Amino acid sequence: MGNGKGNSRESLLFLENLESGYAKVNVLQSISLHVNQGEIVTLVGANGVGKSTTIKTIMGIVKPQKGRVLFKGEDISILPPYKIVEKGIGYSPEGRDVFGNLSVYENLRIGAYITPKNDFDTRLERVFTLFPRLAERREQESSSLSGGEQQMLAIGRALMQNPELLLLDEPSLGLAPIIAEDIFETLEDVNKEGTTVLLVEQNVNLALQLSDRAYVMEKGKIVLSGASKEMENNDYVKETYLGISRN
Amino acid sequence: MSLTYILQQILNALSLGSMLALLAVGYTMIYGVLGLINFAHGEVFMIGAFTATFVLSLLGAPLWIAIILAVVASVLAGLLLERFCYRPVRGSGDITLFITSLAASIGIRSLFILIYGSRSRPFPTPEYLQGIHFFGDILVTDLNLIIFIFTAILTIILSLIIKNTDLGIAMRGVSYNKTTAEAMGINSNSIIVATFIIGSALAAIAGVAWGLQYGNVRPSMGYLPGISGFIAAVLGGIGNITGAAISGFILGVGQVLFVAFLPSTFSGFRPLFVWLILFIILFIKPTGLFRTNIKWE
Amino acid sequence: MNTNTNTNNVNTNKSILENRKIMSIGGILVLGLILLFLENNLSGYYHRLVLLFGINVILTLSLNITNGYAGIFSLGHGGLMLAGGYATALVTLPVSFKASALNLPHWLETMQLPFLPAMLIAGITATIIGFTILLPAFRLKGHYFILGSLGINVIMINIAENVRAITNGATGLRGAPPYTNIWWIFAIVVILVYLMWTLMTSKYGRAVQAIGKDEGLAQALGVNLSKYKAFAFMFSSFFTGVGGALWTHLILTISPSSFDLLVVFQIVMMMVVGGVASITGSILGAAIITAMLEILQPIQEGMVLFGFKLPQMFGLSQVLLALFLILIMIYKPDGLMGEKEFSLKHLRFLSGNNRE
């Protein structure tokens with residue numbers, strides 16, 4: 001472990017030997033990873049290997065059976081989701097999961113539910129600057145948005161909390177490549193403004209381009225980790241995930 | 001059948017319509033956040049009416065104090081139900097939730113029968129509310145008018161809260177997707193509690209209105225109005241406050257007109273009207289008159 | 001159900017079947033002897049208790065077909081019992097009563113049938129009513145179906161109160177002949193258990209249970225939902241009507257309030273306490289709740305305890321039953337038996353002979 005800079009225990013987020021899953025099936029088998037302040041870290045792997053479960057466990061939606069989730073040194077694995085949000089973690093769920101019965105503006109208001117109201121307008125302005133499309137659709141019911149717009153809304157909604165750490169579950173899923181790239185560029189801006197990002201992706205190519213470090217997950221285990229630049233040149237990653245054969 | 005007659009019947013039915021509207025709004029909100037037919041909602045309504053009866057007849061207190069205490073008692077009952085009956089079984093399936101609420105309903109009703117007996121008790125309606133006015137041939141009672149106006153104001157205030165406040169938006173969010181709402185920082189338990197508080201308070205007011213209008217209360221008084229309230233909630237579109245209120249009025253007024261238009265030998269069939277409407281509408285549109293995802297308005 | 005289905009050999013299957021046949025016949029013989037013993041040795045009160053238990057078993061099993069196995073939760077069975085009860089009363093009541101109190105067509109007024117055809121008519125009436133009123137409700141899903149089924153109760157009670165020419169209004173019909181006895185009741189119990197057991201292990205029954213477990217899956221497997229649901233509901237309605245008839249010829253009167261929501265609630269309790277989708281569970285549940293109701297009855301009516309006269313406490317048993325049910329829902333939502341059946345395997349551990 002610890003291919004990145006700094007000590008794991010002093011990281012912003014640190015997962016220690018995490019095991020979790022549904023009913024009696026453990027999807028995660030002793031996952032350890034860390035995210036340092038200011039980084040973009042990505043967790044890549046094929047469909048159904050436990051990437052989403054990892055993020056849901058961090059968010060407290062799925063309770064871990066073993067191991068800990070440390071955020072700024074504090075064990076948050078026993079907290080309910082809404083307390084975890086209060087600690088400073090923003091979450092953009094898989095499949096967007098915007099509130100289809102609410103307007104774009106109301107969705108963003110839910111995003112800002114727990115934060116002080118005095119700088120609400122500033123944050124709303126920031127989200128609208130990052131995603132101008134949302135400003136145009138402000139009063140529209142969000143179930144009527146396109147997939148890309150819904151993804152922007154899900155990310156914008158999480159950003160309304162001014163999170164220190166932003167968790168993104170498959171933001172490129174089901175989107176046209178151009179729109180996905182567009183969203184990833186915005187994520188880079190968000191990161192430059194000081195938000196740490198943990199990104200779960202199936203689109204390994206895009207994820208490695210954006211991130212500083214990467215973890216590769218297979219069947220509930222982390223099989224490979226390292227700087228994203230090195231991963232892009234790793235033979236195994238090339239062959240398995242980037243579709244580039246060895247010769 | 002003159003126009004005056006019809007107008008008179010509609011006016012007479014205003015208070016019944018108002019009570020059903022208040023019950024329907026409570027039903028629709030609780031169903032919205034919890035996916036539960038709160039069968040005991042009729043008993044919460046009954047508890048409000050009983051509390052007001054005692055405050056008025058034993059303490060001789062003014063009506064506004066009776067209303068406040070009725071609201072307090074019903075809210076307390078609603079909160080106890082939520083905390084000790086529904087919360088422990090949440091997540092173990094629709095049927096389990098429903099059976100629990102059915103048991104709670106019958107348990108509370110029987111408890112009141114056990115303590116107070118099953119017969120009616122008189123509800124002392126203050127004299128200043130018993131005034132009547134004539135507009136031409138049409139008779140208007142103050143009570144009918146006051147209950148209607150009060151209900152209309154409450155419904156409008158409530159729908160503004162649902163539309164514009166953080167609480168209202170959070171309620172709609174929780175009813176759409178509880179998990180996601182929690183992951184956005186909303187404590188769904190406190191939203192559910194808030195919903196029970198509002199719903200129970202409205203039921204209490206409906207209960208007091210019932211006492212004022214019909215002059216008596218009894219432990220089983222909540223059963224049929226409760227069911228009518230839920231039917232109104234279904235017809236109005238679950239989660240749709242305005243829709244529930246309007247459907248409540250329509251069912252109340254419709255019941256009265258239904259009887260008014262039939263020969264007097266059929267007056268006993270009045271309770272069937274709501275079912276007739278329910279079956280007709282559900283036969284045309286089996287999912288109810290609302291969209292598949294819950295939309296609050 | 002059987003756990004050793006892996007050894008699916010034709011021979012063992014045959015011998016199991018034969019064993020089962022012998023055991024069933026043996027069981028019925030033992031049951032017959034027990035009933036004969038009970039019939040001759042029990043005093044009036046306990047004898048009546050056994051009869052009530054038997055009727056409750058029939059009603060609980062019938063309810064379990066829809067609410068337990070097929071997963072269509074109905075609260076309308078009170079209305080069906082009412083239909084059965086009135087039907088049997090109308091074809092068995094003394095002609096003089098019918099002529100003086102009611103206003104019936106001549107053929108019905110003069111009709112006086114023995115119990116078996118009367119019971120069949122009760123069952124058929126309940127089936128027809130259940131089916132007619134439920135036809136629209138069938139299109140409903142989940143909560144809306146429950147709501148619609150509740151309507152059957154309200155509608156049937158309302159009709160019984162208001163169609164005085166046939167039902168004698170709120171007073172109801174009195175003087176039904178005392179046909180119900182231990183043999184009729186338990187013969188029907190045996191028939192019902194046999195039919196349910198055979199059906200539930202057949203292809204038809206498995207389809208019905210598939211609906212109960214997962215509608216989507218059942219549909220994906222090509223099960224014609226409405227056909228099976230309708231079948232389950234009609235089967236259930238028939239025996240519920242028969243149960244209502246047995247009840248009527250035991251109590252000897254029937255009125256609109258005979259089978260209200262409280263009665264349905266008690267039967268739902270018997271089903272839920274014993275175990276949803278379990279035949280032995282239903283029998284167990286009927287026994288527990290029948291006993292509880294009987295134990296609470298004297299307390300409710302004000303009993304003398306150690307020289308003190310306790311006040312009447314009407315409603316007490318409903319309060320306690322409701323509390324009991326809520327606790328069951330919280331701590332054991334699948335009931336005492338769950339979906340399992342009580343089998344000989346359990347008996348080995350008990351080494352007793354406490355068979356139903």
Side-chain angles (χ1 to χ4, degrees), chain A residues 52 55-62 79-117 120 139 141-144 150 153-163 166-169, chain B residues 28-29 31-35 87 90-93 159-195 233 236-244 287-297:
Chain A
S52 269
I55 273 215
K56 283 181 181 153
T57 311
I58 300 173
M59 274 318 292
I61 297 168
V62 178
L79 298 178
Y82 65 92
K83 292 261 169 146
I84 291 172
V85 176
E86 282 174 18
K87 298 286 175 199
I89 302 181
Y91 170 55
S92 164
E94 184 181 10
R96 276 87 74 175
D97 256 339
V98 295
F99 299 103
N101 58 338
L102 303 184
S103 70
V104 168
Y105 171 72
E106 287 170 334
N107 265 282
L108 295 175
R109 259 182 85 170
I110 284 206
Y113 186 74
I114 51 149
T115 54
K117 299 290 161 265
F120 175 80
E139 296 306 326
E141 195 171 288
S142 60
S143 59
S144 68
Q150 287 190 6
L153 180 56
I155 298 172
R157 188 178 57 181
L159 288 176
M160 287 302 286
Q161 294 154 6
N162 256 355
L166 178 61
L167 304 181
L168 296 154
D169 199 350
Chain B
T28 216
M29 290 177 70
Y31 191 98
V33 292
L34 218 52
R87 199 180 294 183
R90 221 189 278 159
S92 43
S159 50
L160 288 176
I161 290 176
I162 299 297
K163 181 79 196 132
N164 296 311
T165 64
D166 267 8
L167 176 67
I169 296 175
M171 280 176 169
R172 282 141 71 201
V174 168
S175 70
Y176 190 81
N177 188 334
K178 200 189 289 171
T179 313
T180 309
E182 291 221 326
M184 295 304 128
I186 295 170
N187 179 352
S188 63
N189 272 340
S190 39
I191 297 299
I192 289 169
V193 164
T195 311
I238 289 295
N240 186 335
I241 304 274
T242 335
T287 47
L289 284 181
F290 53 93
R291 307 177 359 179
T292 41
N293 56 6
I294 289 160
K295 178 180 162 68
W296 293 56
E297 268 158 21

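Each chain gets a letter, A, B and so on, in the order the sequences are listed, and its residues count up from 1. Quantities reported herein were computed from a predicted structural model and do not represent experimental measurements.
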In A:Ile58, A:Leu166, A:Leu168, A:Ile61, the residue satisfying side chain to side chain contact (heavy atoms under 4.5 Å, CB included) with A:Tyr91 is A:Ile61
Those residues of residues 79-86 of chain A that come under 4.5 Å of chain B on a heavy-atom basis, listed by number, are A:Pro81, A:Tyr82, A:Val85
If one checks every heavy atom of B:Asn189 against chain A at 4.5 Å, the contacting part turns out to be neither
Note: B:Arg172 and B:Ser175 closest approach over all heavy atoms is O-OG, 2.9 Å
Rounding to 0.5 Å, atoms CD1 (B:Ile186) and CD1 (A:Ile114) come to a distance of 10.0 Å
The interface call for A:Lys56 against chain B, heavy-atom contacts under 4.5 Å, is neither
Greatest number of non-hydrogen atom pairs under 4.5 angstrom with chain B, of A:Gln161, A:Met59, A:Arg157, A:Met160, falls to A:Arg157
Nearest heavy-atom contact between B:Arg87 and B:Val193 is NH2-CG2, 3.5 Å
Shortest non-hydrogen pair, A:Ala158 vs A:Gly90, comes out as CB-C, 4.2 Å
Residues pairing under salt bridge (charged side-chain N to carboxylate O under 4.0 Å, His left out) where one sits in residues 87-96 of chain A, two or more places apart or in two chains, turn out to be A:Glu74-A:Lys87
| message | side chain to side chain contact (heavy atoms under 4.5 Å, CB included) for A:Leu102 and B:Tyr176? Distances and angles first, verdict last. | response | CA-CA 9 Å; A:Leu102 303 184; B:Tyr176 190 81; over 6 Å; no
